[in-house]
Amino acid sequence: MNAAAHPPLRTSVVVGSRTQSFPVGNYDLAATLTSGQAFRWNLTQEGWTGVIRRHWVRLRSEPSAINAEVAEPISNWDWLTGYLRLDEDLETILRSFPNDEPMQRAVAACRGLRLLRQDPWECLASFILSSTKQIIQIRQIVAQVCQCFGDELRSGDAGAPAYSFPTAARLAERSEAELRACKMGFRAPNLLATARKIAEGEVNLEQLHNLPTAEARAQLDSLPGVGRKIADCVLLFAYGKQSAFPVDVWVMKALQQLYFPRRKVKVERVHRFAATHFGPNAGYAQQYLFHYMRTKLSPKSKA
DNA sequence: GCCCAGGTGAAGC
DNA sequence: GCTTCACATGGG
């Protein structure tokens with residue numbers, strides 16, 4: 001093969017498509033995108049609009065497929081199939097859950113709920129912003145951070161510009177006051193300090209993929225504003241460490257009510273229980289309990 | 001007005 | 001060791 005015999009075809013070749021359909025079974029896209037893992041999805045008449053890495057994307061759910069649309073033609077959709085974990089066999093995971101009544105009720109109530117596989121930095125930064133905030137407020141703060149410090153991306157929606165999530169390096173060069181302007185309050189110094197540590201290579205987020213869960217957790221835990229809960233969220237939602245079991249106020253409520261109705265439990269007890277009771281996909285089970293508690297058992301959910 | 005929100009970290013017993 | 005408190009901001 002000789003390069004001269006094959007001049008560049010860039011201008012004449014169709015390099016891809018703006019739309020793609022992915023066959024899926026038992027995938028509740030709406031529940032998945034609103035279950036407090038990711039904070040950048042918006043529902044419009046056209047479907048779910050969001051940004052994955054540097055792709056604006058719109059998703060529409062059909063009974064046995066998810067249809068995707070991007071802003072410009074592409075041929076490689078791995079970034080999307082990876083994010084949605086389309087290669088994962090949900091039935092196998094559900095079968096690994098304990099066969100007790102609370103768990104089975106949660107599974108029945110949240111059919112098709114999935115975990116996503118997110119970018120580690122975006123996930124980490126978003127959850128630093130999440131502490132003692134309602135999900136709706138986290139979404140607002142994250143949106144502002146992207147609009148203020150991210151890059152504007154090619155959007156498929158003329159009326160709504162799209163922004164990338166700003167890199168750690170980008171945030172690292174800002175001041176605390178600039179971050180506070182995004183209404184993140186006392187979380188600003190934490191996000192800034194963590195961004196600087198990541199930008200300077202003190203913690204290498206890519207390397208955590210290769211570490212055992214406990215070691216990856218210890219590295220995340222060393223970052224300002226990151227404790228056990230946020231570390232577990234990142235391990236589960238970005239690194240796919242399925243044994244990570246984030247315990248927040250909702251999961252505490254769920255476990256208290258469903259598994260320890262007679263006595264008051266502490267977080268440490270819940271972690272020990274989770275490590276033995278929920279099996280190898282405990283984190284997945286946690287997401288079912290979290291979503292079940294928030295949408296079906298909470299007083300507000302009746303509205 | 002009041003309580004709470006996908007917590008963390010430091011200070012006080 | 002364990003418990004309490006401050007930290008910004010806004011929703012219900």
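Just the heavy atoms: all of them, side chains too, but no hydrogens, waters or symmetry mates, feed the values below. Numbered from 1 within each chain, the chains take letters A, B, ... in sequence-line order.
By the 4.0 Å N-to-carboxylate-O rule, A/Arg111 lies too far from A/Asp28 to be salt-bridged with it.
Interface remark: the A/Lys133 side chain does form a donor-acceptor pair with the C/dT9 base, using a distance-only criterion of under 3.5 Å.
Taking the P atom of each, B/dA11 and C/dA8 are spaced 15 Å apart, rounded to whole Å. Annotation: B/dG6 and C/dC5 have their P atoms spaced 23 Å apart (nearest Å).
A/Ser35 places no side-chain N or O within 3.5 Å of a backbone atom of A/His291 that could act as its donor or acceptor partner. Under a 3.5 Å cut-off, the side chain of A/Glu215 and the backbone N or O of A/Pro212 do not form any donor-acceptor pair. Looking at A/Ser164, its side chain does come within 3.5 Å of a backbone N or O of A/Asp151 through a donor-acceptor pair.
Across all strands, A/Val251 comes closer than 4.0 Å to base atoms (heavy-atom distances). Among the protein residues, A/Phe39 comes within range of no part of the nucleic acid, since none of its heavy atoms lies under 4.0 Å from any strand. Across all strands, A/Ser35 comes closer than 4.0 Å to base atoms (heavy-atom distances). A/Arg187 comes within 4.0 angstrom of a base, heavy atoms only. Among the atoms of the strands shown, only primed sugar atoms or phosphate atoms (P, OP1, OP2) are found under 4.0 Å from some heavy atom of A/Gly225. Within the nucleic acid shown, A/Leu223 comes within 4.0 Å of sugar-phosphate atoms alone, with no base atom in reach, counting heavy atoms only. Contact annotation for A/Lys183: backbone-only contact, meaning every heavy-atom pair under 4.0 Å involves sugar-phosphate atoms and none involves a base. Counting any heavy atom pair closer than 4.0 Å across all strands shown, A/Gln287 reaches a base atom.
The distance from atom CD of A/Glu268 to atom P of B/dG7 is 17 Å, rounded to the nearest whole Å. Summarising the geometry, the separation between CH2 on A/Trp250 and C1' on B/dG6 is reported as 10 Å, rounded to the nearest angstrom. One can place CZ of A/Arg217 at 12 Å from P of B/dT8, the figure rounded to the nearest angstrom. A/Leu179 has its CG atom 14 Å from the C1' atom of C/dA8, to the nearest Å. Distance A/Lys253 NZ to B/dC4 P: 9 Å, rounded to the nearest Å. Spacing between atom CD of A/Gln134 and atom C1' of B/dG7 amounts to 15 Å, rounded to whole angstrom units. Between A/Leu289 atom CG and B/dG6 atom P there is a gap of 16 Å when expressed in whole angstrom units. Atoms CD (A/Gln137) and C1' (C/dG10) sit 4 Å apart, rounded to a whole Å.
In terms of position along DNA chain C, the nucleotide closest to A/Thr132 lies nearer the 5' end than the nucleotide closest to the other residue of the pair A/Ile136 and A/Thr132. Annotation: of the two residues near DNA chain B, A/Asn190 and A/Ile138, the 5′-most nearest-nucleotide partner is A/Ile138.
Tested against A/Glu69 for a side-chain contact (heavy atoms from CB on, under 4.5 Å), the candidates A/Glu46, A/Arg58, A/Gln20 yield a single pass: A/Arg58.
For the pair A/Phe186 and C/dA6, the ring geometry does not qualify as stacking, because the centroid separation below 5.5 Å and plane angle under 30° are not jointly satisfied.
Side-chain contact check for A/Val70 versus A/Trp79: some heavy-atom pair is nearer than 4.5 Å.
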